[in-house]
Amino acid sequence: MGIIKISELMHENLRIASMAYTRSMNAQAEHWMKIGMLMETHPDMTHSEISQLLVRCSVESDENAGSIRTLLNVGATHRKASNE
């Protein structure tokens, strides 16, 4: 765990979003980072598909739901299934 410096504007956006979605600020920041990471690594997937991917990962594997490897593997499986 470490400290990440962000702009005051991003901090304010994070505070507002965390209240709206009833998440801690850390949980909201982590959620945005996961979404951004997945959008960059899977540019062919829509936001809706990525949200479904996150739900599927958390249902299938509670202890590994946040693992980058798990998310990337499930995303690759999704792309393969979509292409068939």
Side-chain angles (χ1 to χ4, degrees):
M1 180 173 4
I3 296 174
I4 299 173
K5 293 184 180 184
I6 59 173
S7 68
E8 289 295 322
L9 178 59
M10 183 55 77
H11 187 272
E12 181 64 11
N13 291 338
L14 188 57
R15 187 185 65 75
I16 292 167
S18 69
M19 288 185 340
Y21 293 110
T22 49
R23 296 180 177 129
S24 70
M25 288 180 67
N26 285 341
Q28 184 64 42
E30 190 171 313
H31 174 72
W32 280 348
M33 286 187 276
K34 278 184 195 173
I35 295 290
M37 176 195 67
L38 289 168
M39 295 293 288
E40 285 186 347
T41 56
H42 302 292
D44 56 317
M45 293 176 75
T46 66
H47 181 268
S48 178
E49 291 169 330
I50 285 177
S51 295
Q52 291 171 14
L53 171 70
L54 289 171
V55 169
R56 195 166 53 248
C57 281
S58 68
V59 168
E60 291 174 0
S61 176
D62 285 337
E63 71 269 1
N64 292 325
S67 163
I68 291 173
R69 182 169 291 146
T70 300
L71 293 170
L72 294 177
N73 286 340
V74 173
T77 303
H78 169 81
R79 274 199 316 276
K80 184 178 178 184
S82 295
N83 290 334
E84 292 177 348

* Structure fact -> When rounded to the nearest 0.5 Å, the distance separating CE of Met19 from CD of Gln28 is 11.5 Å
* To do: Supply the atom-to-atom distance Met39 CE to Lys34 NZ, rounded to the nearest 0.5 angstrom.
  => 16.0 Å
* Asked: Between CG of Leu14 and NE2 of His31, what distance do you get to the nearest 0.5 Å?
  -> 11.5 Å
* To do: Could you check if a side-chain atom of Asp44 sits within less than 4.5 angstrom of a side-chain atom of His42, using non-hydrogen atoms only?
  => yes
* May I ask whether Met25 and Trp32 are part of the same hydrophobic cluster, defined by side-chain heavy atoms of I, L, V, M, F, W, Y residues being less than 4.5 angstrom apart, directly or through others? => yes
* Asked: If two hydrophobic side chains count as joined below 4.5 Å and joins carry through other members, does Ile16 share a cluster with Met10?
  -> no
* About how many Å separate CD1 of Ile4 and CG of Asn26, when rounded to the nearest 0.5 Å? -> 9.0 Å
* For residues Met45 and Leu38, determine if any side-chain heavy atom of one lies less than 4.5 Å from a side-chain heavy atom of the other. => no
* Once you round to the nearest 0.5 Å, how far does NE2 of His11 lie from OG of Ser18? -> 8.5 Å
* **All pairs passing salt bridge (Lys or Arg N to Asp or Glu O under 4.0 Å) where residues 6-18 contributes a residue, at least two apart** => Glu12-Arg15
